[in-house]
Amino acid sequence: MAKPYDHKEIEGKWQKFWEEKGVYKTENPPIGEGKPKYYVLDMFPYPSGAGLHVGHPRGYIGSDVLSRMRRMQGFNVLHPMGFDAFGLPAEQYAIQTGEHPSVITEKAIDTYKKQLEIIGLSYDWSREVRTIDPGYYKWTQWIFLKLFDSYFDEVDKKAKSISELVAKFEKEDPAWSAKSEKEKEDLLMNYRLAYEGYSEVNWCPELGTVLANDEIVDGGDGKPVSERGGFPVEKKNMRQWFLRITSYADRLLSGLESIDWPEHIKEIQRNWIGRSEGAEIEFGLKDGDEKIKVFTTRPDTLFGVTFVAVPGEKERFTGKYAINPANGEQVPIWEAPYVMEGYGTGAVMGVPAHDERDFEFAKRNGLYIKNVILPNYYISKRNESKNDLEKEGFDLLINKIINGDSPYAYEGILSNSDQFSGLNSEEAKQKITEFVGGKMVTKYKMRDAIFARQRYWGEPIPLKRVGDVIKPLSENELPLELPNVSSYKPAGNGESPLAGVSEWVEKGFETNTMPGWAGSSWYFLRYMDPKNSEAFAGKDTVKYWQDVDVYVGGAEHATGHLLYSRFWHKFLHDLGYVPTEEPFKLLKNQGLILASDGRKMSKRWGNVVNPDEMVDRFGADSFRLYEMFIGPFDQYTSWNTDGLVGTRRFLERVWRAKERIGEPNQEVDILVNKTIKKITEDIENFRFNTSVSSMMILVNKMEEAPSFSKENYLSFLQILAPFAPHMTEELWHKLGETSSIHKSNWPKADDSKLKDEKIKIAVQVNGKVRDEIEISPDASEEDVKELALSKNNISEIIKDQSVKNFIYVKGKIVNIVI
RNA sequence: GCCGGAAUGGCGGAAUUGGUAGACGCGCACGACUCAAAAUCGUGUAUCGCAAGAUGUGAGAGUUCGAUUCUCUCUUCCGGCACCA
């Protein structure tokens with residue numbers, strides 16, 4: 001009797017073997033150069049004290065399966081892991097306990113690493129990166145300095161060195177050389193891609209920090225609170241550092257066309273960038289020379305303006321009037337809360353007849369509503385309608401006209417403006433804007449990114465105040481290391497704890513630190529060459545690895561990390577440091593695994609399932625297999641520990657099947673080849689769940705057969721190896737192989753064995769299945785017809801009725817219509 | 001409100017240029033082995049029906065010889081954005 005499958009005996013042994021032999025070590029050129037490169041990346045985790053639950057590794061296992069297959073297929077695979085380690089949770093914990101955040105963070109990293117290691121993921125740990133290492137954040141600071149030292153050239157639509165701008169000023173602006181250094185610096189600050197400014201921010205007094213919009217949630221009573229802790233959030237005007245991401249808005253938008261990402265993620269980014277095209281038009285005031293500039297996407301409705309709205313706390317008439325430049329009409333200027341300070345020009349022209357919000361506002365405040373696009377004819381006809389049906393008909397038509405879908409637009413009244421009659425909507429927008437001396441512009445919802453936190457646990461910003469100007473540190477002063485402080489608690493007045501370090505302040509260093517997303521915006525480049533002290537990564541190395549072929553992670557980073565990384569990458573590309581315009585060619589999101597109660601796994605609900613316990617009980621291979629089998633990779637699903645029993649049983653059957661190696665069996669041989677083909681395609685397309693099921697079918701077949709060839713069994717082990725790396729390695733060696741199965745060549749399906757000699761197809765009568773016939777896939781329609789009609793079940797149904805139609809879809813189905 | 005995505009047995013899910021719905025696994029039932037239990041193995045398992053058969057992929061319509069798959073209308077659930085002019 002063969003030894004039973006004991007995962008505890010096997011898994012540790014092979015993990016040690018792989019490490020000692022460096023099986024997953026990835027070589028840079030020139031050693032790695034002969035093979036095509038393939039970069040599979042997981043979103044690196046922020047290690048929290050709680051450790052991993054069974055939902056987390058799903059993505060890691062999927063990317064690991066792909067990496068392992070690609071390696072066996074002969075690619076030079078880069079598959080690294082690291083840790084995103086600056087951030088609020090560790091700092092909050094440090095404030096409570098007084099322990100240094102780095103101690104807390106390192107403990108959490110150790111826990112994560114151990115948890116990841118026992119799953120048997122094929123990372124090259126020699127390339128591990130941690131954002132908190134000074135050797136790492138030296139380069140985060142270096143990129144910041146490059147941003148500080150660059151501006152965006154609006155003509156070439158790319159970043160260039162600020163020295164080029166200075167040269168331009170020197171040449172073109174005679175006043176430049178007369179300016180003081182401070183004046184020059186203040187002017188340049190308007191162009192730098194990293195710049196100092198003031199901004200109304202979301203200030204959380206309790207946390208003592210500024211929060212991004214996505215770090216704020218509704219407290220329930222309509223008032224905003226922090227996502228972490230649920231503390232009140234208020235608006236405050238504060239000094240900040242910004243990154244000019246808005247310069248890249250257009251490229252961030254158009255770049256989406258060139259990458260293979262889930263459509264919903266692209267849509268979220270498009271939405272976030274929020275491009276809209278319109279016109280800026282100036283309204284004069286009735287009294288005085290002042291002007292109000294409005295932004296509108298519908299300049300064609302300019303003749304219908306009946307008020308102008310500016311931002312305000314409540315709806316209120318200002319007592320002033322503006323002049324409509326199109327027709328000279330006086331319109332009242334109102335304050336309205338729906339007008340937003342930060343968007344467009346901060347003022348809106350009110351056209352109640354053609355804008356829903358303007359309409360509501362006008363109705364509430366008794367303002368005039370003037371229709372300029374819709375011919376009066378249709379309105380009066382609608383009001384004369386005899387019944388609801390007719391009324392609806394007119395409403396439909398009127399809506400069409402308003403939306404510009406109808407050729408009738410502009411044919412009717414346009415006050416004082418017969419010249420614009422008959423134009424379509426696009427022409428009218430152009431012509432009317434031109435007529436009043438406005439200009440067509442493109443606006444974005446997206447704001448520049450605030451790049452400063454009044455916190456301790458982040459990368460120091462490498463700038464210092466010298467006299468009254470801000471100077472960048474030089475490259476050889478990097479890294480600017482984070483000093484020790486006596487208290488991690490923010491002062492509460494908006495100053496960072498660094499403002500309390502006298503040495504720091506005396507040297508004039510910036511006291512703000514970088515936000516959590518700084519280190520994660522470029523980490524994938526560091527993996528290429530993690531030990532390099534001369535550059536963020538060697539030039540040749542970056543040229544070799546290019547970009548990430550497959551990026552796997554959660555969908556929750558759609559507007560944060562995934563947007564910032566693209567921005568930084570485009571910037572580095574402009575400066576010639578990276579060869580590609582986009583960092584991540586293909587993105588795959590893994591779906592959440594919910595607890596069996598249908599809720600998210602959380603301490604709060606007490607429904608967390610720990611992967612360590614699952615690995616201990618069932619083994620890493622069973623665990624991996626189950627996580628892949630549980631459902632479509634990108635879909636939400638719920639955990640069920642009972643289901644893990646199934647994949648464990650499957651592995652035990654694979655184990656026992658070894659005893660049945662012997663005489664070849666043709667059916668097994670054919671199925672092995674079909675399965676090789678299917679698994680190869682499934683893994684490429686992230687269809688891991690059907691891969692597992694097809695291997696189960698194969699084992700079922702192997703058990704049915706009296707025996708099968710060793711060759712078939714070995715091929716099967718190879719395609720199972722990415723999913724169950726430990727057990728397949730054990731069996732591989734038991735069968736006499738001496739080097740790792742993970743270094744073996746991925747099997748190829750033999751085309752000649754993929755085709756069945758006989759197939760069963762259904763015979764339908766009038767669309768209902770009545771019988772089944774066995775035929776050769778190449779059988780002619782005549783033969784199939786004869787066979788089908790000769791079946792008793794069929795002839796009984798047909799009896800003496802005539803066959804109206806006979807349909808045979810080759811190799812698929814027969815349908816007889818009577 | 002707008003924009004995405006989804007809906008199939010008791011459960012996770014399978015099935016795509018439209019072609020036998022429910023693969024595979026879990027669970028459950030019965031049987032074998034066992035003094036017994038666990039493990040393992042075998043058989044069965046959409047619904048109604050003794051059966052023949054009928055019905056069935058969120059609801060309703062349509063196209064088709066044939067629809068889980070395509071079109072239209074609607075319902076529910078999940079996610080994103082939300083006075084963006």
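Heavy-atom basis, side chains included; hydrogens, waters and symmetry copies ignored. Just so it is clear: chains get the letters A, B, ... in the order the sequence lines come, proteins before strands, and each one is counted from 1.
Listed pair A:R270 / B:C81 fails the phosphate criterion, with no side-chain N or O lying under 4.0 Å from OP1 or OP2. Residue A:S638 places none of its side-chain N or O atoms closer than 4.0 Å to OP1 or OP2 of B:C11. Considering only side-chain N and O atoms, A:Q764 lies nowhere under 4.0 angstrom from the phosphate OP1 or OP2 of B:U20. Considering only side-chain N and O atoms, A:T637 lies under 4.0 angstrom from the phosphate OP1 or OP2 of B:G13. Between A:R649 and B:U40 there is a side-chain polar atom (N or O) within less than 4.0 angstrom of OP1 or OP2. Regarding contacts with the backbone of B:A85, a side-chain N or O of A:Y343 is found under 4.0 angstrom from either OP1 or OP2. A:K768 has a side-chain polar atom (N or O) that falls below the 4.0 Å cut-off from OP1 or OP2 of B:U55.
Side-chain atoms of A:N271 stay outside donor-acceptor range of the base of B:C81, with no qualifying N/O pair under 3.5 Å.
Taking the centre of each ring, A:F633 and A:F688 come in below the 6.0 Å mark.
Looking at A:E280 and A:K443, a side-chain N of the basic residue comes within less than 4.0 Å of a carboxylate O on the acidic one, giving a salt bridge.
A distance of 7.0 Å separates OG1 of A:T442 from CG of A:D250, quoted to the nearest 0.5 Å.
Separating the CG atom of A:D634 from the C1' atom of B:G13 is a distance of 14 Å, rounded to the nearest angstrom. Going from atom CG of A:N700 over to atom P of B:G42 covers 9 Å, rounded to whole Å. Distance A:L563 CG to B:C81 P: 13 Å, rounded to the nearest Å.
A gap of 14 Å separates the P atoms of B:A21 and B:A46, to the nearest Å. For the C1' atoms, the distance linking B:U20 with B:G56 amounts to 15 Å, nearest Å. Comparing the P positions of B:C2 and B:A54 gives an interatomic distance of 45 Å, to the nearest angstrom.
Considering only the side chain of A:N689, B:A14 comes nearest among B:C26, B:A85, B:A14.
Only one option out of A:F359, A:F361, A:Y368, A:W334 pairs with A:F307 in a ring pair (Phe, Tyr, Trp, His ring centres under 6.0 Å); it is A:F361.
Heavy-atom nearest nucleotides on RNA chain B were determined for A:D771 and for A:Y626, and the one closer to the 5' end corresponds to A:Y626. Nucleotides of RNA chain B nearest to A:M446 and A:E652 differ in position, and the one nearer the 5' end is that of A:E652.
By the 4.5 Å heavy-atom criterion applied to side chains, A:V552 and A:M43 are not counted as neighbours.
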